[in-house]
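Below: one structure, written as structure tokens.
The sequence lines fix the lettering, A, B, ..., with proteins before strands; numbering per chain opens at 1. Not measured: the values here are computed from a predicted model.
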2 protein chains.
Amino acid sequence: MKYSTSKENYIKAIYHLEQEDPVVSTNALARQLATKPASVTDMLKKLNEQELIHYEPYKGVKLTDSGNKLALQIIRKHRLWEFFLVEKLGFGWEEVHEIAEELEHISSKKLIDRLDEFLGRPKTDPHGDPIPDAAGIVPKIEKRCLLDLPIGVSADLISVSNQSADMLDLLRHHQIEIGTRLKITNRFRFDHSLQITVQGGPPVTISEQLAAHLFVAWAKDETD
Amino acid sequence: MKYSTSKENYIKAIYHLEQEDPVVSTNALARQLATKPASVTDMLKKLNEQELIHYEPYKGVKLTDSGNKLALQIIRKHRLWEFFLVEKLGFGWEEVHEIAEELEHISSKKLIDRLDEFLGRPKTDPHGDPIPDAAGIVPKIEKRCLLDLPIGVSADLISVSNQSADMLDLLRHHQIEIGTRLKITNRFRFDHSLQITVQGGPPVTISEQLAAHLFVAWAKDETD
DNA sequence: ATTTTTTTTTAGTTTCGCCTAAAAATTATC
DNA sequence: GATAATTTTTAGGCGAAACTAAAAAAAAAT
Ligand SMILES: [Mn+2]
Ligand SMILES: [Mn+2]
Ligand SMILES: [Mn+2]
Ligand SMILES: [Mn+2]
């Protein structure tokens, strides 16, 4: 089955919002898709008709199994294209999201499987997000928010949960990227800002806001 | 300026039809785009409004300079993606046209220039058609129809003017592809079929129909 | 120069995806 | 529990891109 770009964007948005709250509201969707609640209601009726979602008026929305499967296919395409753009074409990781937003709607299944193979079946995209495989299975990645990292423990940056150009600019300024080793050396009560070291370099401070978007992994017993 | 997929397809179709006849008819466009003449008339009014074409009722249509420029950009994208699909992802040359028909509408200019660089700035696509450069300049490729090749002169296959799966299947059966060396050993008056050798192998016969879609280049004095 | 045929345009609909404004349902507050 | 605020849906409409059927213009044939 083939769906319009617009429908695919709705399904993907519902998938992402479901991660926060298992039942998705009309308003939340309208915000996410930069559209109006009335337009969302229209579309929800159609998606319900096609059994991609479970929808009852006033009761919010959930993906059906086939909706979920479709969402994962679109996310797979999005993240594989992002990987291609960064690794093969040399794009900066803050430039790729917008382009992938278009490429994710190219319909050929064979194309995406060949691309996956060509790229070496990557497990994560340039923002550290996991890439679902052809069967829709999402590799589980162990990660915790940087805010939860104990002082003095080294951890590697696994992913970022905000991919705005502004945030990624800031990260580049601190010379932080996916894979960079971070260690918290101090926490400040007043504004919850953190003093950290980057790759063992001199300590710098980052805001709570920034830290909240950084996700890291560390070994349980590693206290170097 | 950004145009809809539909408008881009019209502009490209007009460009291709102009190569045959400098003034393009409503019916010819409808045939090419698999749509109805009435729909074409509707669209021509809009394209005229946007000054992509010169259109007067009943007088046919021509691209304006900006329409021509746009057509070349779309063709550039189409052919670069086809090259990518064959050379990097290992697709057969008969599979790529349909996928490129979608990819050609991805809007990022930077993407296409990076892709061009990544591919090594190819001059021709997998069907032997020239790829316009970023400025819209089409490399001029010397070629003549195989039907015009004198008997006994060796020539290389430069391009094919039909990319249907059926025709490309037939070529594969004869082990003919772009770059293959061909020589005519006999012409038959009755049906204008040709006896040819492929890469110096044993002679085979091909129909006039097939030969009409094959374009070759040979040196003036080469008579080996 | 008519008449016939073909091509093209106009008129009127349809579907999709969006909008605004107003109504209805739900949720929060007093 | 009534009232107020918020959320969601309905009603009506719009632009894009297609369609069918009918009218008009152009081209071909007699
Ligand atoms: Mn998208
Ligand atoms: Mn990403
Ligand atoms: Mn196309
Ligand atoms: Mn081609």
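No side-chain N or O of D166(A) forms a donor-acceptor pair with one of S164(A) less than 3.5 Å apart. Side-chain N/O atoms of H78(A) and H97(A) include a donor and acceptor closer than 3.5 Å. In this model, a donor atom of one side chain and an acceptor atom of the other lie less than 3.5 Å apart for S107(B) and E102(A).
Whole-Å rounding puts the Y55(B) OH to dT8(C) C1' distance at 7 Å.
Among the atoms of the strands shown, none is found under 4.0 Å from any heavy atom of K59(B).
Taking the charged nitrogens against the carboxylate oxygens, D42(B) and K46(B) have no contact shorter than 4.0 Å, which rules out a salt bridge. Contact check on R172(A) versus E177(A) returns no salt bridge, with no Lys/Arg side-chain nitrogen under 4.0 Å from an Asp/Glu carboxylate oxygen.
Within the structure, the salt bridge (charged side-chain N to carboxylate O under 4.0 Å, His left out) test picks out the following pairs touching residues 8-31 of chain A (sequence neighbours left out): K12(A)-E101(A), K12(A)-E104(A).
Under 4.0 angstrom from either OP1 or OP2 of dT8(C) there lies at least one side-chain N or O belonging to N27(B). Close to dC16(C), at under 4.0 Å from its OP1 or OP2, lies no side-chain N or O of K46(A).
Taking the six-membered ring for Trp, F84(B) and F84(A) have ring centres closer than 6.0 Å.
Along DNA chain D, read 5' to 3', the first and last nucleotides having any atom under 4.0 Å from a heavy atom of chain A are dT7(D) to dT10(D).
With a 6.0 Å radius and a threshold of 12 heavy atoms from other residues, nucleotides or ligands, Q19(B) has its CD atom above the threshold.
Within residues 34-45 of chain B, the residues that have a heavy atom under 4.0 Å from DNA chain D are, in order of number, T35(B), K36(B), A38(B), S39(B), D42(B), M43(B).
Sequence order on DNA chain C of the closest nucleotides to Y10(A) and Y58(A) puts Y10(A) first from the 5' end.
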